[in-house]
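Protein chains get the first letters and strands the later ones, always in sequence-line order, with residue 1 at the start of each.
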Amino acid sequence: MSKLPADFYQKVYALVRTIPKGRVTSYGAIAKAIGSPQSSRTVGYAMNASHQQEDVPAHRVVNRNGVLTGKHHFSGTHAMQQLLEAEGIEIKDDQIQNFKKHFWEPEIQKA
DNA sequence: ATAATGACTCCCC
DNA sequence: GGGGGAGCCATTA
């Protein structure tokens, strides 16, 4: 792994870990929370690596539309959906119902 | 150091 | 409302 820039991942992991159960957030929100609102793409990239972590509920992270875009990267096809449903979140066709209601905005972390 | 990739987001048609 | 293209950032080859 890199030496310094990896700090970005740490921020993402820490923030995703703070996501309350039964709540979801978007990559852009996380990116913004860590101080890089335009690094939404990198956030998703970090999530890919987050799979190595066990305390990082990546299933609570979806795109700004509330769609489980990354479900394909999970263990199974519906693993992500099932996990979210288990937390009380209703999902239909990979789309979180009441996403706005379940949406959880992370706190802005200063550099 | 340059080029290519990616779990995103925004703008335009 | 739906589809396509460009932009940005960090990592990897």
Side-chain angles (χ1 to χ4, degrees):
Chain A
M1 287 312 185
S2 305
K3 292 137 203 220
L4 239 299
D7 181 49
F8 192 94
Y9 282 34
Q10 297 303 318
K11 286 186 176 178
V12 175
Y13 299 150
L15 201 121
V16 172
R17 264 191 236 126
T18 40
I19 300 176
K21 177 174 170 287
R23 292 279 161 89
V24 286
T25 189
S26 64
Y27 300 94
I30 295 172
K32 184 171 189 171
I34 62 181
S36 297
Q38 292 191 291
S39 303
S40 47
R41 244 185 158 192
T42 314
V43 174
Y45 207 86
M47 298 272 86
N48 189 0
S50 83
H51 246 248
Q52 300 170 66
Q53 314 295 315
E54 297 180 13
D55 298 327
V56 181
H59 60 270
R60 290 181 188 153
V61 184
V62 296
N63 66 346
R64 75 158 190 99
N65 211 2
V67 182
L68 284 58
T69 53
K71 72 159 196 174
H72 195 290
H73 278 262
F74 259 73
S75 308
T77 357
H78 296 143
M80 191 174 183
Q81 177 175 336
Q82 288 178 10
L83 285 167
L84 291 170
E85 287 182 333
E87 297 189 356
I89 298 174
E90 195 172 353
I91 301 175
K92 177 88 173 191
D93 190 31
D94 303 340
Q95 165 71 53
I96 296 178
Q97 304 303 292
N98 281 330
F99 172 63
K100 193 174 179 181
K101 179 177 167 185
H102 290 296
F103 183 77
W104 173 83
E105 188 175 345
E107 297 181 26
I108 307 299
Q109 313 222 338
K110 295 183 111 176

Notebook entry, point to check: Atom CD1 of A/I30 and atom P of C/dC9: how far apart are they, to the nearest Å?
Noted result: 18 Å
Check: Tell me, which of residues 92-104 of chain A have any heavy atom that sits under 4.0 Å from an atom in DNA chain B?
Finding: none
Next item on the list: Mind calculating the distance between NZ (A/K32) and P (C/dC8) to the nearest angstrom?
Entry: 18 Å
Notebook entry, point to check: Donor-acceptor pair, A/E90 side chain versus A/G88 backbone, under 3.5 Å?
Noted result: no
Checklist line | Test side chain to side chain donor-acceptor pair (under 3.5 Å) applied to A/D94 - qualifying residues, sequence neighbours left out | finding: A/K71
Check: Closest approach of A/A58 and A/V16, non-hydrogen atoms and distance?
Finding: N-CG1, 4.3 Å
Next item on the list: Any chance you could list the contact pattern along nucleotides 7-13 of chain B? Use B for base contacts, S for sugar-phosphate-only contacts and - for none, protein heavy atoms under 4.0 Å, 5' to 3'.
Entry: BBSS---
Item checked: Residue pairs involving residues 43-52 of chain A (criterion salt bridge (charged side-chain N to carboxylate O under 4.0 Å, His left out); sequence neighbours excluded) -> none
Taking only N/O atoms, report every protein-nucleotides 2-4 of chain B pair under 3.5 Å with atom names and distance.
none

Note to self: Apply the hydrophobic cluster definition, ILVMFWY joined by side-chain contacts under 4.5 Å directly or through others, and give me every member besides A/V24.
What the structure shows: A/V62, A/L68, A/F74, A/M80, A/L83, A/L84, A/I89, A/I91, A/I96, A/F99, A/F103
Next item on the list: Kindly write out the residues that satisfy side chain to side chain donor-acceptor pair (under 3.5 Å) with A/R60, not counting sequence neighbours, or none if the list is empty.
Entry: A/E87
Next item on the list: Pull out every stem in DNA chain C, meaning runs of 3 or more consecutive Watson-Crick or G-U wobble pairs with both distances under 3.5 Å.
Entry: B:2-6 with C:9-13, B:8-13 with C:2-7
Checklist line | Where at least one partner belongs to residues 46-57 of chain A, residue pairs that pass salt bridge (charged side-chain N to carboxylate O under 4.0 Å, His left out), sequence neighbours excluded | finding: none
Let me have the donor-acceptor pairs involving side chains of residues 37-51 of chain A, under 3.5 Å, with sequence neighbours excluded, atom names and distances please.
residue : atom : partner : partner atom : Å
A/S50   : OG   : A/M47   : O            : 2.5

Check: If two hydrophobic side chains count as joined below 4.5 Å and joins carry through other members, does A/W104 share a cluster with A/V67?
Finding: no
Notebook entry, point to check: How far does OH of A/Y9 sit from CD of A/Q53, to the nearest 0.5 angstrom?
Noted result: 11.5 Å
Check: Taking only residues at least two apart or on different chains, which pairs with a member in residues 12-32 of chain A satisfy side chain to side chain donor-acceptor pair (under 3.5 Å)?
Finding: none
